[in-house]
Amino acid sequence: MKFNTKVIHGKQQHEPATGSVMVPIYQTSTYAQSSPGKHKGYEYSRGENPTRDALENAFAAIENAKHGLAFGSGLAAIDCVIRLFSPNDHIIAGDDLYGGTYRMFTKIFSKYGLTFSFVDMNNPENVAKAITKNTKMIWLETPTNPLLKVTDIEAVTKIAKENNLITAVDNTFATPYIHNPLDLGADIVMHSATKYLGGHSDLVMGALMVNDNALHQQLKFIQFAAGAITGPMDSFLALRGVKTLAIRMERHSENGMKVATFLENHPKVAEVFYPGLTSHPNYEVAKKQMRSFGGMLSFKLKDNSQAAAFKLLENLNVFTLAESLGGVESLANHPSTMTHASIPEPERLKIGITESLIRLSVGIEDATDLIADLEQVLEMI
Ligand SMILES: *Cc1c(COP(=O)(O)O)cnc(C)c1O
């Protein structure tokens with residue numbers, strides 16, 4: 001089944017009782033039993049819920065995975081993965097991670113004796129060099145947030161396999177429309193389904209997709225035992241969102257390229273970070289690995305002051321100044337004071353999150369309107 005079909009039909013069936021084409025919202029916490037322990041496969045909704053089951057199947061299908069799991073947020077999904085490990089275990093992660101992932105690793109799990117190394121994964125050799133006898137997993141995000149650095153997934157999973165390590169890939173920015181990390185050798189794919197998978201800025205949700213049955217059992221046990229599930233109403237919304245993922249991503253990518261090209265040619269813009277531009281330092285890897293380049297980009301102004309960035313952000317009309325990304329509407333964000341404020345300033349500057357860095361989530365509006373909006377604010381500064 002091709003991707004355009006898979007997002008709509010993959011591992012899905014009509015509801016058997018009535019033929020209902022959309023899976024109903026099973027808004028229930030519990031299920032009747034005819035005799036203790038005798039039931040139709042459902043006992044309690046923390047464990048299983050038919051609406052969540054349908055969504056978890058859809059999640060598995062779009063990432064070419066055997067199993068999918070849905071959580072109350074992207075961070076809850078990451079939390080579930082990290083709970084596979086024990087004190088003294090070591091995890092290698094990229095140095096340009098989603099701020100909340102970095103915060104969870106350094107502020108929560110380091111208290112429980114897990115250790116983390118953050119390396120620049122642009123060069124996979126940095127990963128190999130960071131491996132110690134306690135290393136258990138490589139956590140990889142590509143393209144990264146907010147600088148859109150691209151990591152060669154195959155190169156990293158090869159190193160992981162040679163060293164018996166698990167590789168987990170946060171595929172939130174790319175989505176399965178652009179690449180499927182499991183097909184490139186990863187063991188776990190993670191999504192903040194809040195973003196492109198949901199696609200309409202109306203829910204907060206996380207997803208994990210895996211092929212290995214034993215790994216799925218371990219993760220499912222943690223999902224059940226720790227309890228960070230998503231509810232039936234949100235599951236329904238995400239199921240509906242996934243159906244248009246392919247067509248939305250096609251437009252996101254088209255608009256992303258147009259906006260990136262416009263910005264790159266603008267005299268007030270210092271630098272544009274978009275993997276589809278030939279000027280991008282990882283363009284060759286991006287071209288090899290990505291089927292298209294998506295809707296996320298960031299740029300720096302020649303005037304590198306916070307005042308210039310704020311003026312631009314305050315005067316946008318079509319773009320909304322907001323956290324988050326991946327919805328149908330275009331959003332703009334100031335990483336150093338918003339999404340990435342949890343990273344200490346010296347770290348932030350070291351990785352290039354400067355005062356004038358602006359991140360855009362390019363939506364599926366008409367690109368002409370998006371470009372006109374950016375043009376009018378760039379004229380102001
Ligand atoms: C938003 C995001 C997360 C966290 O997901 P939530 O749904 O907000 O908990 C993790 N990784 C990336 C790349 C994100 O953009």
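All heavy atoms count here, side chains included; hydrogens, waters and symmetry mates do not. Counting starts at 1 for both ligands and their atoms, in listed order.
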Taking everything shown except His14 itself, do over 12 heavy atoms lie less than 6.0 Å from its NE2? no

I'd like the name of whichever of Asp170, Thr101, Thr172, Leu75 reaches closest to atom 11 (N) of ligand 1 through any heavy atom. Asp170

Pick, from Tyr98, Tyr196, Phe173, the option with the minimum heavy-atom distance to atom 3 (C) of ligand 1. Tyr98

Looking only at distance, does Thr194 have an N or O less than 3.5 Å from an N or O of ligand 1? yes

Mind checking whether Phe118 and Tyr102 have parallel, tilted or perpendicular rings, split at 30° and 60°? tilted

Aromatic ring pairing His334/Phe310, orientation class (parallel under 30°, perpendicular over 60°, tilted between): perpendicular

Ser356 and its side-chain contact (heavy atoms from CB on, under 4.5 Å) partner, picked from Leu312, Val269, Leu301, Ile381: Leu301

Under 4.0 Å from any heavy atom of [X], which atoms of ligand 1 are there?
| X | value |
| --- | --- |
| Met205 | 7 (O) |
| Ser73 | 7 (O), 9 (O) |
| Gly74 | 5 (O), 6 (P), 7 (O), 9 (O) |
| Ser192 | 1 (C), 2 (C), 3 (C), 4 (C), 5 (O), 6 (P), 7 (O) |

Validation row, ring centre Tyr196 to ring centre His252 under 6.0 Å: yes

Would you kindly specify which portion of Lys195 sits under 4.0 Å from ligand 1, judged on non-hydrogen atoms: side chain, backbone, both or neither? side chain

Non-hydrogen atoms of Leu325 versus ligand 1: any pair closer than 4.0 Å? yes

Taking Asp187 for its side chain and Thr167 for its backbone only, find out whether a donor-acceptor pair lies under 3.5 Å. yes

Any donor-acceptor pair under 3.5 Å linking the side chain of Thr151 with the backbone of Ile153? no

